[in-house]
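Only this structure's heavy atoms are used, side chains among them; waters, hydrogens and symmetry mates stay out. As the structure is a computational prediction, the values presented were derived from the model and not from experiment.
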Amino acid sequence: MLKDIIKSVEHLSKIPQRDDPQVTDRTFFIDASHQGLTAIPSEILALKELEELHLENNQIEEIPQDIQHLKNIKILYLDKNNLRILCPELGALSSLEGLDLSYNPILPSSLLVVSCLRALRELRLHQTDLEEIPIVICKSLHHLELFGLTGNRLKFLPEEIVNQTKLREIYLKRNQFDVFPQELCVLYNLEIIDLDENTLNAIPEEIGTLTRLKKFYVAYNNLSFLPESLRQCSKMSVLDLSHNVLRSIPHCLAELGRMAEIGLSGNPLEKVPRLVCRWPSLRLLYLSDTGLHRLRRCFRRLVSLRFLDLSRNHLGHCPSQICALKNLEILALDDNKIGQLPSELGSLSKLKILGLTGNEFFSFPEEVFSLASLEKLYIGQDQGCKLTYVPENIRKLQSLKELYIENNHLEYLPVALGSMPNLEVLDCRHNLLKQLPDAICHAQALKELLLEDNLLTCLPENLDSLVNLKVLTLMDNPMSEPPEEVCAEGNEAIWKYLKEKRTMKIMATKIQAWWRGTMVRKGLGEFEDLQKVRKKGKSSPKDKKGNKAPKGKPGKRNKK
């Protein structure tokens, strides 16, 4: 029974059944991924009603002949195993619609059996070291809608690919195309083309025939111009042109009225293309490392923008136009030359993530304290000016979850960090911190506290009260409490040391209090007096000079 097989892989909870709690031959769905399997269990192959089977991330080396018994199987995921040869019986799965063989060292000749799977709609062969696609696959499979071929060694597509008239998505990222595959321009149902990380020099004019194209990825190529016919792809919503050698974008592309995301990072543009401001529906805009010195005035029209990346440019100040983008949630201004933020920054009431790393702030920009919704703040200074303090007003950022202030000259942290209930990550690496405020122990949400390369010698004695803290780094600090050897053993050793030290301190206090009380009760004087060392033969406090001697005994006289 399948129940025994499930127990043998020791992950019963990870293998859900869709029909009822009992494991029967009417099981429709099994997830046996990440189980360390070296073979497909025969009990699984006996489930004739099975429709979906996940076996990815195992160590399976072959597909047994009994796979042919799974007549109703529609989805079969075998990616990330050790398959080299596919058995002929795999071709008998006439109902199979989705097959994933990615990340397997499959012999190309063994892939021929896939051409028998006439019902296939999705075929993934990512990173299988393919040099060419078997022609018989392109000739025989007429219902393919998704073809995944990322991370292979393809230089061209076979002419027979034009038979894939139902193809909607094709993924050719990280191959060796230096010429755009012209055959794709015939596949008029294509909606997604991914050709990132190849060596393309041009896109043909025929691209305009793909009027249903919605997402076009050609980042990390050698494109120096775009064809104007691209404007005919009227349904285009995502266009990634990042890291090419483009100096301009055709003005006519402003006609792409559905544009929601465009990547232009890593191109020598020097100016924001004017047409960008004519896409009011734009939500994500990547302009990192484009040589910008300023933004256009019309930039404020992008009122739908949610994500804006302006990092690694030459901005001398934060453009005020940004403050008009009321829906902005993520803003990256890292690695510019910004020294001050606009006072209107608080108008970005939805901003959650702000990147200011590597700029030229002479002091902590307090304008950020008006961003009540901010959850992540990056202000590490790996280059440019170094911050020497963080104001106590940081407590105003009550929604803050992550604070990155690494690579500065901070000597202390604000006590206010202890009153930030949502703070989970605090990165203070590479600073000049000599001690941590005791109040840090009140930041109960902390999960990561990164303190390496500072001047710390001790930790707050109650730091172990941070029950959610999973990561604590203390390397390259002159630690003495706890000693460096204890710190090197990790959190558990540190917590144990702090608890033992605290226990000893409590014990010492109790003993001191008991001793003080005992001495006072016996009338032996104030505790402070008892701290003085009494020498042998010394008169008691009652026999000081000037007191009367006892009866019958003459008092001592001074010698002349």
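Heavy atoms from other residues, nucleotides or ligands lying under 6.0 Å from CZ of R283 number 12 at most. Other residues, nucleotides and ligands place no more than 12 heavy atoms under 6.0 Å from the CZ atom of R278. E402 CD: more than 12 foreign heavy atoms inside a 6.0 Å radius. Within a 6.0 Å radius of NZ in K386, more than 12 heavy atoms belonging to other residues, nucleotides or ligands are found. The neighbour count for E360 CD, taken as heavy atoms of other residues, nucleotides or ligands under 6.0 Å away, is above 12. Shown here is R294, whose CZ atom has no more than 12 heavy atoms of other residues, nucleotides or ligands within 6.0 Å.
When atom types are taken as modelled, the side chain of D240 and the backbone of Y217 share no donor-acceptor pair closer than 3.5 angstrom. Under a 3.5 Å cut-off, the side chain of N104 and the backbone N or O of L78 do form a donor-acceptor pair. A donor-acceptor pair under 3.5 Å is absent between the side-chain atoms of D309 and the main chain of G263, judged by distance alone. Although no hydrogens or angles enter the test, the distance criterion places no donor-acceptor pair under 3.5 Å between the side chain of N359 and the main chain of G339. Proximity of a side-chain donor or acceptor of N267 to a complementary backbone N or O of N244 within less than 3.5 Å is detected. In this structure, Q381 contributes its side chain and G358 its backbone to a donor-acceptor pair below 3.5 Å. Side chain of N431 to backbone of L433: no donor-acceptor contact under 3.5 angstrom is found. Side-chain N or O atoms of D178 include none that pairs as donor or acceptor with a backbone N or O of N201 at under 3.5 Å. No side-chain donor-acceptor contact under 3.5 Å links T211 to the backbone of C233. Between the N57 side chain and the D79 main chain, no donor and acceptor come within less than 3.5 Å of each other.
For the residue pair P342 and C323, the shortest heavy atom distance occurs at CG-SG, 3.6 Å. Closest non-hydrogen pair, V276 versus L302, comes out as O-CD2, 3.4 Å. Nearest heavy atom pair, residue F177 against residue N198, reads N-OD1, 3.0 Å. Residues S320 and R300 come closest through the heavy atom pair OG-NH2, 4.5 Å. Between R153 and D129, the closest heavy-atom pair is NE-OD1, 3.0 Å. Across all non-hydrogen atoms, the minimal contact from D382 to T357 is OD1-CG2, 3.5 Å.
Residues forming a side chain to side chain donor-acceptor pair (under 3.5 Å) with E122 (at least two apart in sequence, or on another chain): R124. Residues forming a side chain to side chain donor-acceptor pair (under 3.5 Å) with E261 (at least two apart in sequence, or on another chain): none. By the side chain to side chain donor-acceptor pair (under 3.5 Å) test, K350 is found to be paired with N327, residues two or more places apart in sequence or in another chain being considered.
Rounding to the nearest 0.5 angstrom, the gap separating the CG atom in L285 from the CG atom in L282 is 5.5 Å. Taken to the nearest 0.5 Å, the CG atom of L446 stands 10.0 Å off from the CG atom of L403. Distance check: C318 SG to N336 CG gives 9.5 Å after rounding to the nearest 0.5 Å. The line from SG of C298 to CZ of R274 is 6.0 Å long, rounded to the nearest 0.5 Å. A distance of 9.0 Å separates CG of L348 from CG of L354, quoted to the nearest 0.5 Å. Separating the NZ atom in K173 from the CG atom in L149 is a distance of 14.0 Å, to the nearest 0.5 Å.
Screening residues 270-299 for ring-ring contact (aromatic ring centres under 6.0 Å, His included), with sequence neighbours left out, gives Y286-F307, H293-H314. Counting only residues at least two apart or in different chains, ring-ring contact (aromatic ring centres under 6.0 Å, His included) contacts with residues 377-403 comprise Y378-Y404.
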Candidate pair V272 and L292, rule side chain to side chain contact (heavy atoms under 4.5 Å, CB included), full reasoning: CA-CA 7 Å; V272 178; L292 301 181; 3.9 Å; yes

Residues I192, Y171; criterion side chain to side chain contact (heavy atoms under 4.5 Å, CB included); working and verdict: CA-CA 8 Å; I192 300 175; Y171 299 90; 3.8 Å; yes

Side chain to side chain contact (heavy atoms under 4.5 Å, CB included) assessment of S102 paired with Q127: CA-CA 6 Å; S102 305; Q127 211 156 316; 5.9 Å; no

Check against side chain to side chain contact (heavy atoms under 4.5 Å, CB included), N222 and L200: CA-CA 6 Å; N222 298 321; L200 301 178; over 6 Å; no

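Relative to the six-membered ring of F369, K396 misses at least one condition, a distance below 6.0 Å or an angle of at most 45° to the axis.
By the 4.5 Å heavy-atom criterion applied to side chains, V415 and E392 are counted as neighbours. The side-chain heavy atoms of V162 and C138, taken from C-beta on, include no pair separated by under 4.5 Å.
Judged by distance alone, the side chains of S288 and S311 do bring a donor and an acceptor atom under 3.5 Å apart. Looking only at atom types and distance, the side chain of H430 has a donor-acceptor partner in the side chain of D453 under 3.5 Å away. Between the side chains of N313 and T290, a donor-acceptor pair is found at a separation under 3.5 Å. Using modelled atom types, one finds no donor on one side chain facing an acceptor on the other under 3.5 Å when comparing Y77 with H54. With no hydrogens or angles considered, a side-chain donor-acceptor pair links S229 and E205 at under 3.5 Å.
Looking at K166, R121, E97 one by one, the single match for side-chain hydrogen bond (donor to acceptor under 3.5 Å, both in side chains) with H143 turns out to be K166.
With respect to E145 and R168, a salt bridge is recorded, a charged nitrogen being found less than 4.0 Å from a carboxylate O. For E191 and R212, the salt-bridge test fails: no basic side-chain N is under 4.0 Å from an acidic carboxylate O.
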What side-chain donor-acceptor pairs closer than 3.5 Å can you find for residues 467-476, not counting sequence neighbours?
| unit_1 | atom_1 | unit_2 | atom_2 | d |
| --- | --- | --- | --- | --- |
| N468 | ND2 | Q444 | O | 2.9 |
| T473 | OG1 | L451 | N | 3.1 |
| T473 | OG1 | E452 | OE1 | 3.2 |

